[in-house]
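Convention: sequence-line order gives letters A, B, ...; per-chain numbering from 1. As a basis for the values below, the full set of heavy atoms in this structure was taken, side chains included, without hydrogen atoms, waters or symmetry mates.
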Number of protein chains: 2
Amino acid sequence: MNNGRFPISMHILTLLASADGELLSSDYIAGSININPVLVRKEISNLRNHGLIESKEGKNGGATLAKPAEKIQLSEVFHAVQQASLLGNSKNEPNPDCPVGKQIKQRLDHLYLEIESALLHKLEKMSLADFLRQFQQ
Amino acid sequence: MNNGRFPISMHILTLLASADGELLSSDYIAGSININPVLVRKEISNLRNHGLIESKEGKNGGATLAKPAEKIQLSEVFHAVQQASLLGNSKNEPNPDCPVGKQIKQRLDHLYLEIESALLHKLEKMSLADFLRQFQQ
DNA sequence: TGTACTGTAATAAAAGGAATTACAGAATGA
DNA sequence: TCATTCTGTAATTCCTTTTATTACAGTACA
């Protein structure tokens, strides 16, 4: 996970959770995160596709949570933004004539599965509501 | 962890573990990983700084493990290559005038610490020898 | 003393991420 | 109805990060 998508999604969701049902515009959200509104809309689009957010077009439109913050697990956020494996992959194909090179990808994939399952197990136990609760008034 | 450093380091260490004390050159290693030898030497330099590898200059030089594969925990490899946080950071400073923006960094840092400790706990239980054992002859 | 290595710096090329521009389409409400 | 204010999305440019390459000094060996 090379980029800032997880923190950005967390920021969006935290804002929505604290807005308590009120629709927030991408411009407003972008102002809090300090990034471009188009990037916010892209992330919202992604989170919507994963069932975490609902949004409304047109005047007075914006985004809101699709379900209560208590029911949003951080593992869902992780799943929504994850694209690459956690610990990275070598870009090139290893040498198939080398006994190690031949198998390393498969072995690393297996290792990554184990690691990710440990991580997911942890994230499943945390809800967006838990996360929001840590914020001081 | 955006890049391929973890898999590359794992590949290097696996080759050295399977070489059983014999010195391997950066060219040979690069040929197995299929990357540039200079990048291999850089990773070796890093792994050496972390006490996982020893290397010898000059003719017939190369690298070898600094200790038995049984004593190399995968958490050590992780520490050696980790530079950024696991789930990424937003590049820009969030808006300090927003109650969420003001605190989000700190809250995410805290979350990341929890997550990483779960991951490290898992990696501590795995040795390089364990990893190598999975390779079929 | 030539050869085969490492170590490292500097630079270039490639890839990926983020910002920006642009604009169509939807909802609102005056 | 129609200007306004939003979303959704594509296309492009800009910037940063990764990776590859080039170059060369230094080391060890035989």
request  = Please list residues of residues 55-62 of chain B whose heavy atoms come under 4.0 Å from any atom in DNA chain D, ordered by number; otherwise none.
outcome  =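 Residues of residues 55-62 of chain B that come under 4.0 Å of DNA chain D are, in numerical order, Lys56(B), Glu57(B), Gly58(B), Lys59(B), Asn60(B).
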Proximity to DNA chain D (any heavy atom under 4.0 Å), residues of residues 25-42 of chain A only =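 The answer is Ser25(A), Ser26(A), Val38(A), Arg41(A).
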Pairs under 3.5 angstrom only: tabulate donor-acceptor contacts from the side chains of residues 123-131 of chain A to other protein residues two or more places apart or in another chain.
{"from": "Ser127(A)", "atom 1": "OG", "to": "Ala129(A)", "atom 2": "N", "distance (Å)": "3.3"}
{"from": "Ser127(A)", "atom 1": "OG", "to": "Asp130(A)", "atom 2": "N", "distance (Å)": "3.0"}
{"from": "Ser127(A)", "atom 1": "OG", "to": "Asp130(A)", "atom 2": "OD1", "distance (Å)": "3.4"}
{"from": "Ser127(A)", "atom 1": "OG", "to": "Asp130(A)", "atom 2": "OD2", "distance (Å)": "3.2"}
{"from": "Asp130(A)", "atom 1": "OD1", "to": "Arg133(A)", "atom 2": "NH2", "distance (Å)": "2.6"}
{"from": "Asp130(A)", "atom 1": "OD2", "to": "Ser127(A)", "atom 2": "N", "distance (Å)": "2.9"}

Listed partners of Tyr112(B) passing ring-ring contact (aromatic ring centres under 6.0 Å, His included), at least two apart =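 Per chain and number, Tyr112(B) pairs via ring-ring contact (aromatic ring centres under 6.0 Å, His included) with no residue.
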inquiry  = Among residues at least two apart in sequence or on other chains, which ones pass ring-ring contact (aromatic ring centres under 6.0 Å, His included) with Tyr28(A)?
reply    =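 For Tyr28(A) there are no ring-ring contact (aromatic ring centres under 6.0 Å, His included) partners, ignoring immediate neighbours.
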task = Could you tell me the separation between the CD atom of Gln83(B) and the C1' atom of dT17(D), rounded to a whole number of Å?
result =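 Distance, rounded to whole Å: 10 Å.
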task = Verify the contact: side-chain N or O of Asn92(B) to OP1 or OP2 of dA18(C), cut-off strictly under 4.0 Å; return yes or no.
result =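 Asn92(B) to dA18(C) OP1/OP2: no side-chain N or O under 4.0 Å.
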Find the distance between [atom1] ([X]) and [atom2] ([Y]) and round it off to the nearest 0.5 Å.
| X | Y | atom1 | atom2 | value |
| --- | --- | --- | --- | --- |
| Leu120(B) | Ile115(A) | CG | CD1 | 9.5 Å |
| Glu114(A) | Lys122(B) | CD | NZ | 5.5 Å |
| Leu16(B) | Ile29(B) | CG | CD1 | 5.0 Å |

query = Can you list the steps and then say if Leu23(A) with Thr64(A) is a side-chain contact (heavy atoms from CB on, under 4.5 Å)?
reply = CA-CA 5 Å; Leu23(A) 291 176; Thr64(A) 188; 3.9 Å; yes
DNA chain C contacts among residues 44-52 of chain B, heavy-atom distance under 4.0 Å =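 Here the set is Ser45(B), Arg48(B).
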